[in-house]
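Counting begins at 1 with the first residue of the sequence.
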Amino acid sequence: MAATIQVENLKIVGRRGKGAELPIVRDVSFSVQRGEMLALIGESGSGKTTVALSLLGHIRKGCRIAGGMIRVAGYDVTALTPHECRSIRGRVISYVAQNAGSAFNPALSIMRQVVEPALVHRTLPRRDLEARAVSLFRALALPDPETIGERYPGELSGGQLQRLMAAMALMTDPEVVVFDEPTTALDVTTQIEVLSAFKAVFAERGITGVYVTHDLSVVAQIADHAVVLKDGAIREAGTVSKILFQPEDPYSQALLAAAEPRSRQADLARQPEQRSLLDVRNLVVGYGQRNAAGLPEKVIVNHVSFSVPKGRMLGVIGESGCGKSTLARAISGLQPWTTGELLLNGEPLAGNVRERTPDQRRHLQLVAQNADSVLNPSKPIGQTLARVVRFYGGLRGDAATRRVNELLDMVRLSPSLASRLPSELSGGQKQRINFARALAADPQIVLCDEITAALDTVVAAAILDLMKELQRDLGLSFIFITHDLHALQSICDRVTVLYAGQAVEVGPTMALGKGVHHPYTRLLHDSVPLMEPGWLESTRIRHADEAMPATLLNSLSLDPELCCFLARCPDRVSGLCDRIPPPVRSVPEGPRVLCHLPASICSEFST
């Protein structure tokens with residue numbers, strides 16, 4: 001039987017400016033049978049996305065297909081005209097992008113955007129298409145499938161938008177769908193929901209897929225075969241079980257090694273206790289008019305408290321929408337808070353960064369998740385860093401140049417990169433420049449907001465190593481905001497677990513995985529994907545069994561005093577958890593937990 005996707009000896013070359021053409025993809029060949037999923041894996045710059053986009057007949061500016069053949073669902077893509085390529089995109093082959101938030105138009109309703117590809121291809125009248133969209137919303141386990149199409153992208157979570165993008169891709173009943181890292185930036189609990197929905201719909205419709213990812217645990221759950229790419233060439237190909245459990249190529253083995261969690265912690269017991277550098281006390285952040293209690297109509301961060309000692313690293317973890325990034329913006333002075341207090345070196349911090357002293361602004365720096373959002377695309381990185389050096393240190397000329405070179409050396413980059421534009425750097429290099437930009441202020445504490453979320457395992461591991469080096473060599477303190485439990489455990493001294501804006505657990509990182517913990521902390525632990533076939537299905541079934549019935553949930557959801565995790569808690573006690581607000585209890589040699597301990601919680605993590 002002929003394969004649905006057949007790629008033979010594909011060669012793609014690219015040219016920078018007026019320079020010579022350079023190979024980007026080198027003699028790549030693979031095939032995918034109908035109803036199967038192929039994973040393209042490798043680190044940043046390996047050519048994964050370039051190969052995947054070529055299946056749609058799309059080649060980036062400055063590049064061209066220099067040889068080989070691509071056949072998709074009977075179409076010779078390499079022989080099609082641009083007009084013919086457009087006629088099969090969205091109809092024969094569809095594409096699901098990595099960042100659904102940036103792919104949706106914020107000014108248009110969801111339904112209008114989901115049905116647009118089918119309207120372009122004139123497959124059915126709008127009314128029939130909207131009915132099909134509702135059916136897809138239901139199949140993808142989206143909430144309120146009959147009305148969610150009336151909402152706008154800004155009103156939905158990242159996981160919901162990712163499933164809606166899949167619905168858009170499936171509107172025309174394509175034979176092939178290309179997924180470009182669709183779950184990379186999702187938290188672990190949302191990732192389970194999205195992957196489960198994808199897998200169920202694909203199995204039902206017999207769709208052929210290509211899944212671009214660097215997450216090997218995801219590969220184990222969703223793919224049948226895998227191709228390992230490095231520098232545009234195939235290093236190894238085979239079944240998923242062969243690639244993940246019996247890799248032969250040294251590069252495949254290195255990818256697997258980088259995915260293994262490892263501790264970067266020094267022996268903290270030998271380190272003397274340090275004074276508190278940053279104190280967060282009963283912080284409340286929200287929007288809308290204040291109620292009788294003085295709280296905003298919509299509370300995003302709800303009475304959160306913790307401290308960060310000098311030279312230590314605090315991890316803040318929780319799923320999308322829990323308030324992590326809002327907390328970071330409030331601490332950095334970019335988001336006003338309603339009540340509470342922030343202290344830096346014992347001195348109060350104003351809610352507005354403009355009202356803080358120059359030293360306070362210098363000592364507390366933010367490293368954003370997306371380096372592209374803070375690096376000027378039209379300026380060489382040397383100029384970007386020199387501007388910060390001049391602003392905070394007053395350095396100019398040769399002195400500024402020397403300081404820029406020192407900063408590049410600190411983040412393990414060559415000074416020769418100073419003349420390059422951000423677009424000429426890899427994702428990992430840009431994130432290091434992002435760090436250098438913060439270090440230029442000579443800070444005492446750095447807030448890192450999901451800085452490794454979109455990086456492959458090899459690059460992310462290097463960034464984590466860099467953070468520990470900076471902590472050791474410069475005595476820096478960090479607040480590391482993440483949804484990656486393994487990354488947090490490997491570098492952080494303490495952890496704050498956020499759920500629905502509340503700190504449900506605060507304690508030492510070394511206690512994670514043993515002893516008593518909040519049920520939500522255990523859920524996060526159990527939701528970290530494993531490289532085990534069948535793990536996704538068993539985890540999804542277990543979570544569904546533990547969920548509270550919707551009728552009971554609706555009757556309790558209006559009481560803000562009760563436990564915020566009540567509807568999802570597998571250990572809830574009737575007559576206690578649904579009637580009495582949870583107290584804060586301290587576990588001996590463990591964390592402080594917002595829960596009715598010990599009546600409603602198991603003493604050990606599930607294994």
To the nearest 0.5 Å, atom CD of Gln502 lies from atom OH of Tyr520 at 12.5 Å
Can you see whether His214 engages Glu181 through a side-chain donor-acceptor pair at a distance of less than 3.5 angstrom?
yes
Backbone of Leu366 reached by a side-chain donor or acceptor of Ser332 within 3.5 Å
no
Indicate yes or no: at least one non-hydrogen side-chain atom of Met111 is less than 4.5 angstrom from one of Glu130.
yes
Would you confirm whether Ser87, through its side chain, and Glu84, through its main-chain N or O, come within 3.5 Å as a donor-acceptor pair?
yes
Can you name the closest pair of heavy atoms from Thr208 and Val32 and give their distance?
CG2-CG1, 3.5 Å
Under 6.0 Å between ring centres: does that hold for Phe202 and Tyr211?
no
So, using ring pair (Phe, Tyr, Trp, His ring centres under 6.0 Å) as the criterion, who are the partners of Tyr251 when residues are at least two apart?
none
Under-4.0 Å salt bridge between Asp180 and Lys48
no
Less than 3.5 Å apart, any donor N or O on the side chain of Thr509 or Gln489 sitting next to an acceptor on the other?
no
Short question: side chain of Gln253, backbone of Pro247 - any donor-acceptor pair under 3.5 Å?
yes
Minimum heavy-atom distance Leu164-Val114, with the two atoms named
O-CG2, 4.1 Å
Residues Leu38 and Ala226: closest non-hydrogen pair is CD1-N, 3.9 Å
Relative to the ring of Phe435, is the ring of Phe478 parallel (under 30°), tilted (30 to 60°) or perpendicular (over 60°)?
perpendicular
Main chain of Leu421, side chain of Glu424: is a donor-acceptor contact present, judged purely on distance under 3.5 Å?
yes
pair Glu319-Leu498: side-chain heavy atoms closer than 4.5 Å
no
Short side-chain to backbone donor-acceptor contact, Asp449 and Ala368, under 3.5 Å
no
Any Thr521 side-chain heavy atom under 4.5 Å of Val495 side chain:
no
His121 side chain vs Arg89 backbone, donor-acceptor pair below 3.5 Å:
yes
Closest non-hydrogen contact found for Ile65 with Thr78 is CD1-CG2, 4.2 Å
Can you give each donor-acceptor pair under 3.5 Å made by side-chain atoms of residues 137-155, sequence neighbours left out, with the distance rounded to 0.1 Å?
residue : atom : partner : partner atom : Å
Arg138  : NH2  : Glu146  : OE2          : 2.3
Arg151  : NH2  : Glu155  : O            : 3.0
Glu155  : OE1  : Tyr152  : N            : 2.8

Check for a donor-acceptor pair, side chain of Thr496 on one end and backbone N or O of Val316 on the other, with a separation under 3.5 Å.
no
Pairwise distance CD(Gln335) to CD1(Ile300) - rounded to 0.5 angstrom
8.5 Å
Distance (rounded to the nearest 0.5 Å) between Met165 CE and Ser94 OG
11.0 Å
Could you check if a side-chain atom of Val176 sits within less than 4.5 angstrom of a side-chain atom of Val92, using non-hydrogen atoms only?
no
Closer than 3.5 angstrom, by distance alone: can the side chain of Gln221 be matched with the main-chain N or O of Glu532 as a donor-acceptor pair?
yes
Start with the C-alpha gap between Lys230 and Asp249, add the side-chain angles, then the distance that decides, and say whether salt bridge (charged side-chain N to carboxylate O under 4.0 Å, His left out) holds.
CA-CA 11 Å; Lys230 179 174 173 58; Asp249 187 85; over 6 Å; no
Measure the shortest side-chain to side-chain distance between Lys11 and Arg26 over non-hydrogen atoms and say whether it is less than 4.5 angstrom.
no
Side-chain heavy atoms of Ile451 within contact of Ile481, under 4.5 Å
no
If you compare all heavy atoms of Ala52 against all heavy atoms of Val178, which two are closest, and at what distance to 0.1 Å?
CB-CG1, 3.7 Å
Answer whether the closest heavy-atom distance between the side chains of Arg91 and Pro174 falls below 4.5 Å.
no
Would you say the side chain of Ser54 lies within less than 4.5 Å of the side chain of Ile59, judging by non-hydrogen atoms?
yes
Test side-chain hydrogen bond (donor to acceptor under 3.5 Å, both in side chains), reference Asn434, set Arg432, Arg437, Gln431, output is Gln431
Counting distance only, does the side-chain N/O of Gln113 pair as donor-acceptor with the main-chain N or O of Leu108 below 3.5 Å?
yes
In this structure, which one of Val77, Ile5, Leu80 forms a side chain to side chain contact (heavy atoms under 4.5 Å, CB included) with Ile70?
Val77
From Arg71 atom CZ to Asp76 atom CG, the distance as rounded to the nearest 0.5 Å:
5.0 Å
Where do Ser252 and Glu236 come nearest, in terms of heavy atoms and distance?
OG-OE1, 2.8 Å
CD/Glu8: more than 12 non-hydrogen atoms of other groups inside 6.0 Å
yes
Glu450 and His483: side chain donor to acceptor below 3.5 Å:
yes
Side-chain donor or acceptor of Ser196 paired with backbone N/O of Glu193 under 3.5 Å:
no
Centroid-to-centroid, His518 to Phe565, below 6.0 Å?
yes
Mind checking the OG1-CD1 spacing from Thr172 to Ile88? Nearest 0.5 Å is all I need.
11.5 Å
